[in-house]
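What follows is a short report on a single structure.
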Amino acid sequence: MVIKINGKELNFDAPVKVYEAAEAAGLSGSGAVAGVFNGATVEFNHVLDKDGELSILDFSSDEGKAVLRHTAAHILAQAVKRIYPTVKLAIGPAVANGFYYDFDFKTPITQENFDAIEAEMRKIIKANYPIVKKTVSRAEALELMRASGEEYKVELIADLPEDAEISLYTQGEFTDLCAGPHLTSTGKVKAFKLTSLTGAYWRGSEKNKMLSRIYGTAFDSKPALDEYLEKLEEAKRRDHNRIGRDLEIFMTDENIGQGLPLLMPKGAKIMQILQRFVEDEEENRGYLLTKTPIMSKNNLFKISGHWDHYKDKMFVMGEEGKDDEVMALRPMTCPFQFTIYKNGLKSYRDLPVRYCETATLYRKEASGEMHGLTRVRQFTLSDGHIVCTEKQIEGEFKAALDIIKYFMKCLGIENDISYRFSKRDPKNASKYVGSDEVWEATESKMKSILDGIGLVYEEAEGEAAFYGPKLDIQAVNVHGKEDTLFTIQIDFSLAERFDMSYIDESGEKVRPTIIHRSSIGCYERTLAMLIEKYNGALPLWISPVQVRVMSLTGRTEKQVKKAVETLRKHGVRTEADVRSEKIGYKIREAQLEKIPYMLVIGDKDIEAKVVSVRDRAGNQVSMSLAAFVKQIKKEIKDMK
RNA sequence: GCUGGUGUGGCUCAGUCGGUAGAGCAGUUCACUCGUAAUGAACAGGUCAAGAGUUCGAUUCUCUUCACCAGCUCCA
């Protein structure tokens, strides 16, 4: 039997375990956790009995991390089972930065119980139980899990495919149904911590019982764990929901309600800067601005399909059958712009028609879903719809992507995003409008465009809009979760529903195709992303206050006021601070507020006819006010 | 919506085993005019998230509601 290990070919007379093969190749260092044999992750105890290629995984690889953390999850389950013998086990996988295990506790626990659980886990690690895999028959597995009352495991086994290998892992007195792979013994988990306790539905469905999920993380060393926890703290400090409030960008109020942030002067200024920039650029690219009502009779949403697919998420005023008129706040702009399109006959010569609107939208999100500026009930979308012929789709799609890319570049986030091709879930047809044929054709059309551009993207089933597939541009927030920032959607359905048409070259009435797109996305969410990306220190051109002018003593107050006036006259967003006392504090505050430039004016500066310019990095130079204005203008120009 | 946690002046927090609350910073005033993390003094600021209940008496105990946080589900 010949096994190629990390490029080295070794001969074995008899079947060997992975770790024996690794040892033979001199690769079983303490960091090694598992192997990959012919492409599949295998644990160290796995027996190799045929030719193949083996590589050794250590903790630095994602697979290696998953093996260690999955074992940590089992140790957690074992500890919990010891302390709470009546607990029922659900599932416990490794996830991106750690692991979790779902439990059904007879009486719920709180985070205060973590100390005891962690202590028990340490005991299990110290005991260094060997972890033994046993392959069993379906009947045997069912029998064992039934006998121990593990109803969730029974359900899991019952749902396994006929030909699945069913395996059990035992460590000490604890046995769990699991596909593996695992470490060879519990002692190999060197550092772990339980991080949070939350609820999670059994099998991810809200129709099922809510279980208690314990999250934790594990590393191959204590310093690595500490470093990770420190990074987590750092991420929390960047959370837009925290610094956005600290920096007085937005606030909420319990009398106003959930998901309804108030943009304070600084936040409103940022929005205005972005909105002007976006609307001007869209105009340059042939978009026509519309301004449509934020509400309408529900008839409109019946035509669009929103009423059927979306009613629960709409703010509706009035009741059908009771009131003469039922109105709803709009969750989307499409039907309004379509109505504008339909006003007057369109020729193929008019196409493409590109409508854009800075649209305020309302969605009645469920109470637990709101978060800071990323998930709100009223938001402002740089929305737009392109009505075009089938031939124009590709070009218009690319142009829509191009403007997004341009905005991303100006915001400095082009390397912080990923592309997602969001398709429908064919098994859940009721969620969508349009026939299978239309969906298949549209999805393959979009795929060919994406592939044609050479875009690197992930495919996601079940993430499409109800009327068509989407290209979503995703960014990861400080909590490690993905948000959709921008989106482009191809829609072959709504033109039909709205009876939209144009007259083609031969005088025939033809259905147009519609591209739904946002350019800078939802302003609130994009702002949240920027705050987190820049840790509140926004780029100069977006910064709501670009310069803060301070007087060092009361004698220079007049000069401060004059400098502020001059800067404002040149379009520099400037804030005055003429309170001369506590200069040290003021400077610290200015740093906290992430203002790009501070000017300090003291007696000496006045004599020398200069201002002291200090930037965010702490560099300080003296220059004339005129030179400073010139510098700042150039800097802004270079950013766009 | 579900699970768990939290809610005391603008901010950060203390406190009351039930007898209606304090500190630091911020604010205001006066004095100081100082070169980059804090000048001094005085003043002002809270129906302890809201409502109901128990009680002679509730910020404290119970219940309900609201908001905030983490997660699940959902989503731009």
Side-chain angles (χ1 to χ4, degrees), chain A residues 100 102 105 108-113 195-215 236 239 241-242 245-246 248 251-260 310 312-313 331-333 359 361 363-377 379-383 422 431 462-463 465 470 472-475 479-487 489 516-518 520-526 528-529 550-557 579-592 598 600-605 612 614 618 620:
Chain A
Y100 68 77
D102 286 348
F105 286 98
I109 63 159
T110 71
Q111 281 202 322
E112 280 159 31
N113 304 96
T195 49
S196 62
L197 174 69
T198 71
Y201 298 109
W202 166 236
R203 309 198 113 179
S205 167
E206 59 186 326
K207 291 187 186 77
N208 291 338
K209 182 169 182 182
M210 179 150 285
L211 307 173
S212 299
R213 174 172 296 179
I214 297 178
Y215 278 95
K236 273 189 198 149
D239 187 346
N241 201 14
R242 181 189 153 76
R245 291 171 199 267
D246 284 351
E248 299 184 330
M251 59 174 283
T252 52
D253 184 272
E254 59 182 295
N255 292 317
I256 289 170
Q258 270 193 307
L260 297 169
Y310 220 85
D312 294 345
K313 293 214 158 177
M332 285 160 186
T333 328
L361 306 177
R363 296 182 190 177
K364 193 175 180 177
E365 303 292 353
S367 62
E369 284 161 2
M370 262 74 74
H371 174 79
L373 291 177
T374 50
R375 198 70 188 279
V376 290
R377 283 179 160 172
F379 59 95
T380 309
L381 190 70
S382 57
D383 209 352
S422 300
K431 254 182 89 174
E463 297 288 344
K470 309 191 286 177
D472 290 323
I473 296 172
Q474 307 286 105
H479 296 101
K481 292 201 277 189
E482 262 190 16
D483 290 317
T484 300
L485 243 34
F486 321 115
T487 181
Q489 308 160 3
H516 304 239
R517 47 105 268 174
S518 68
I520 208 168
C522 156
Y523 284 89
E524 289 83 354
R525 188 177 278 186
T526 301
M529 198 268 171
M550 283 176 284
S551 71
L552 196 61
T553 78
R555 290 190 298 275
T556 58
E557 279 182 20
R579 285 167 296 196
S580 54
E581 73 273 33
K582 299 180 187 170
I583 287 298
Y585 176 76
K586 289 297 167 198
I587 287 184
R588 174 179 149 261
E589 188 186 47
Q591 285 167 344
L592 271 178
M598 281 177 278
V600 181
I601 300 184
D603 295 336
K604 287 180 209 163
D605 301 311
S612 292
R614 192 184 154 96
Q620 190 166 340

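Each chain gets a letter, A, B and so on, in the order its sequence line appears, and its residues count up from 1. Computation of the quantities below employed the complete heavy-atom set of this structure, encompassing side-chain atoms and omitting hydrogens, waters and symmetry-equivalent molecules.
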| Under 4.0 angstrom, heavy atoms only, what part of the nucleic acid is A:Glu524 near: base, sugar-phosphate, or nothing? | nothing
| remark: The ring-ring contact (aromatic ring centres under 6.0 Å, His included) partners of A:Phe379 (sequence neighbours excluded) come to none
Under the salt bridge (charged side-chain N to carboxylate O under 4.0 Å, His left out) test, residues paired with [X] that sit two or more places apart:
X	answer
A:Asp472	A:Arg420, A:Lys470
A:Lys209	A:Asp104
A:Glu369	A:Arg375
A:Arg245	none

Distance between the [atom1] atoms of [N] and [M], in whole angstroms?
N	M	atom1	answer
B:G15	B:U59	C1'	11 Å
B:G10	B:G1	P	28 Å
B:C32	B:A70	C1'	49 Å
B:C56	B:A49	P	25 Å
B:A38	B:U55	C1'	48 Å
B:U60	B:G9	P	15 Å
B:G24	B:A14	C1'	11 Å
B:G4	B:A44	P	46 Å

Considering residues at least two apart in sequence or located in another chain, which fulfil the side-chain hydrogen bond (donor to acceptor under 3.5 Å, both in side chains) criterion with [X]?
X	answer
A:Tyr215	A:Arg213
A:Thr195	none
A:Glu524	A:Thr380

| said: Is there, by distance only and without an angle test, a donor paired with an acceptor across the side chain of A:Ser612 and the base of B:G35 below 3.5 Å? | reply: yes
| message | Each nucleotide in nucleotides 70-76 of chain B should get exactly one letter: B, S or -. Can you fill that in based on protein heavy atoms under 4.0 Å? | response | SBBBBBB
| request: Indicate whether OP1 or OP2 belonging to B:C66 is found under 4.0 Å from a side-chain N or O atom of A:Gln258. | output: no
Rounded to the nearest angstrom, tell me the gap between atom [atom1] in [X] and atom [atom2] in [N].
X	N	atom1	atom2	answer
A:Ile214	B:U3	CD1	C1'	13 Å
A:Met598	B:A37	CE	P	10 Å
A:Ile256	B:A50	CD1	C1'	16 Å
A:Leu260	B:C68	CG	P	9 Å
A:Leu211	B:C2	CG	C1'	12 Å
A:Asp246	B:U12	CG	P	8 Å

| Are the side chain of A:Gln489 and the backbone N or O of A:His516 linked by a donor-acceptor pair below 3.5 Å? | no
| N/O donor-acceptor pair under 3.5 Å between A:Ser212 side chain and A:Gly199 backbone | no
| A:Thr252 has a side chain; which of B:C68, B:G35, B:G1 sits nearest to it? | B:C68
| field | Where A:Thr333 and A:Ala359 come nearest, the two heavy atoms and their spacing | value | OG1-CB, 3.3 Å
All N/O contacts under 3.5 Å from nucleotides 7-9 of chain B to the protein, with atom names and distances to one decimal?
none

| request: State which residues pass side-chain contact (heavy atoms from CB on, under 4.5 Å) with A:Asp483; sequence neighbours excluded, sorted by chain then number. | output: A:Thr374, A:Asn477, A:Arg525
| remark: Taking pairs as Watson-Crick (N1-N3 plus N6-O4 or O6-N4) or G-U wobble (N1-O2 and O6-N3), each distance under 3.5 Å, the stems of three or more consecutive pairs with RNA chain B are B:1-7 with B:66-72, B:10-13 with B:22-25, B:27-31 with B:39-43, B:49-53 with B:61-65
| query | Is the number of heavy atoms from other residues, nucleotides or ligands under 6.0 Å of A:Arg242 CZ greater than 12? | reply | no
